[in-house]
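Throughout, residue positions are numbered sequentially from 1 according to the sequence presented. These numbers come from the heavy atoms of this one structure, side chains and all, not from hydrogens, waters or symmetry mates. Every number for a ligand or one of its atoms is a count from 1 in the order of the listing.
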Amino acid sequence: MNDLIVKLLEFMKKTFSGVQPSGELHLGNYLGAIKNWVSMQDEYDATFCIVDLHAITVPQDPKELRRRILDVAKAYIALGIDPEKSNIFVQSDVNAHTELCWILNCVAARMGDMEKMTQFKDKSAKGDAQRASVGLFDYPVLMAADILLYDTDVVPVGEDQVQHVELARTLARRFNKKFGDTFIVPQPELTTEGKRIMGLDDPTKKMSKSAVSKYNYITLMDEPDVVRKKIRKAVTDSGSDVTYSDERPALQNLLNIYTLLSKKSIKEIELMYDGRGFGDFKNDLAEVIIEFLTSFQQRVNDISDEEVKRILKSGAKKANEQATQKIQEVKEKIGFVM
Ligand code: TYM
């Protein structure tokens, strides 16, 4: 990187975000988060992480996990994250994340904060809460460490992660108050139509890979026939006109997916299907999704393991340089001998 670029980066605001390599990515991950990262990378000093330490808060098959880490990195690139503009790295390659997590656990996070976290309550309630890992409970503090290590100003995420970013804000403020200005207090950033992509089989719950039915989600690797079937089976609301309204959450969700993938406005889409009913609308939506996924899948297949490992290695080097400076400052402030 030449000196001019290094100087420019100093003046740019910083953005950081990540995805867990714990299952195949789905349309919710792309439309709620990664799509926004792609447009932000030109304006921000951007860092995007594959958060493998978060993934192991629930059981993982080691062989599959190793594969998925590389697959998520390939997906970032194939979706438009440019390694020349954004830093891409794997969380466990930078030790400062777990170090800062432990320090925040001890000096900033309180049991009262953690017990409010709705995602832990939901996830642990699905299994036996007593058998949930301690890591799952502590996961939001690790996420705060991820964000705070890189002087992050803005965190582009879906709505389900906002409470965790709020915790990062609380921990940053608490640490700064006790030990002096150290961390930037980050802001979450959401998109209007993508912040909460809902399940195709149940528009009251978010699209999620851990849903019981595979008709809840569309993964980025789904084949065309699978997409057609899932959209055909997607629930719709009563009536037959294609109009956007809060009272018709199923249709609203399908329209959000359509507008985000097609560059057509909601108004244009409503006009296109005026008097034509759900059948035509769903057929065309399936084709819009398939067109997007087919070109994405081709790009993924063009990236070799070697190429992505090279990108991750140089990403880890840069992230380590930034994170080491911050963790040293933190250790010094809390009274460790440096
Ligand atoms: P994860 O891996 O569950 O999801 C990755 C991103 O996808 C968004 N998302 C959705 N957005 C809209 N609609 C949906 N149905 C939907 N499902 C998922 C998530 O909001 C998220 O932005 N803890 C985080 C990962 C993380 C992180 C971080 C994020 C770890 N450290 C630091 C930002 C900054 C998580 O588990 O996301």
Checklist entry - Under 30°, 30 to 60°, or over 60°: which ring-plane class applies to Phe296 and Phe292, parallel, tilted or perpendicular? => result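 Aromatic pair Phe296/Phe292 classed parallel.
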Among all protein heavy atoms, pick out the one at the shortest distance from [atom]; state its residue, atom name and that distance to 0.1 Å.
| atom | answer |
| --- | --- |
| atom 10 (C) of ligand 1 | Gly28 O, 3.4 Å |
| atom 25 (C) of ligand 1 | Gly18 O, 3.5 Å |
| atom 2 (O) of ligand 1 | Gln20 N, 2.9 Å |
| atom 31 (N) of ligand 1 | Asp146 OD2, 2.6 Å |
| atom 33 (C) of ligand 1 | Ser17 OG, 3.4 Å |
| atom 22 (O) of ligand 1 | Gly158 N, 3.2 Å |
| atom 20 (O) of ligand 1 | Asp160 OD1, 2.5 Å |
| atom 7 (O) of ligand 1 | Asn29 ND2, 3.1 Å |

Item to check | Nearest heavy-atom neighbours spanning Trp37 and Pro156 | outcome: NE1-O, 3.2 Å
Can you list the ligand 1 atoms lying under 4.0 Å from a non-hydrogen atom of [X]?
| X | result |
| --- | --- |
| Gly32 | 11 (N), 12 (C) |
| Ala33 | 6 (C), 7 (O), 22 (O) |
| Tyr139 | 23 (N), 24 (C), 35 (C), 36 (O) |
| Lys195 | 11 (N), 12 (C), 13 (N) |
| Lys206 | 15 (N) |

Checklist entry - Stepwise, does the ring pair (Phe, Tyr, Trp, His ring centres under 6.0 Å) test hold for Phe278 with Tyr273? => result CA-CA 8 Å; Phe278 290 155; Tyr273 297 97; over 10 Å; no
Checklist entry - Are side-chain N/O atoms of Asp222 and Thr219 paired as donor and acceptor at under 3.5 Å? => result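 Yes, because at least one side-chain N or O of Asp222 sits under 3.5 Å from a partner of the opposite role on Thr219.
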Considering only NZ, NE, NH1 and NH2 on the basic side and carboxylate oxygens on the acidic side, decide whether [X] and [Y] come within less than 4.0 Å.
| X | Y | value |
| --- | --- | --- |
| Arg228 | Glu287 | yes |
| Glu321 | Lys318 | no |
| Lys326 | Asp151 | yes |

Item to check | ligand 1 contact on Arg196 by region, counting heavy-atom pairs under 4.0 Å | outcome: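 Backbone only.
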Checklist entry - Which bit of Ile34 gets closer than 4.0 Å to ligand 1, counting heavy atoms only: side chain, backbone, both or neither? => result neither
Next on the checklist: Quick test of your reading of the structure: of Val155, Ile197, Val19, Leu148, whose heavy atom lies closest to atom 34 (C) of ligand 1?
Outcome noted: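 Minimum heavy-atom distance to atom 34 (C) of ligand 1 goes to Val155.
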Checklist entry - For atom 24 (C) of ligand 1, which candidate among Gln161, His26, His54 provides the closest heavy atom? => result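 Residue with the shortest heavy-atom distance to the ligand atom: Gln161.
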Next on the checklist: If you take the centroid of each ring, where Trp contributes its six-membered ring, are Phe16 and Phe48 closer together than 6.0 Å?
Outcome noted: no
Item to check | Ring centroid separation His164 to Phe120 under 6.0 Å | outcome: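 No, too far apart.
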Next on the checklist: Rounded at 0.5 Å granularity, tell me how far CD in Glu270 sits from CZ in Phe281.
Outcome noted: 9.5 Å
What side-chain donor-acceptor pairs closer than 3.5 Å can you find for residues 180-196, not counting sequence neighbours?
{"unit_1": "Thr182", "atom_1": "OG1", "unit_2": "Gly180", "atom_2": "O", "d": "2.7"}
{"unit_1": "Thr182", "atom_1": "OG1", "unit_2": "Lys333", "atom_2": "NZ", "d": "3.0"}
{"unit_1": "Thr191", "atom_1": "OG1", "unit_2": "Gly194", "atom_2": "N", "d": "3.1"}

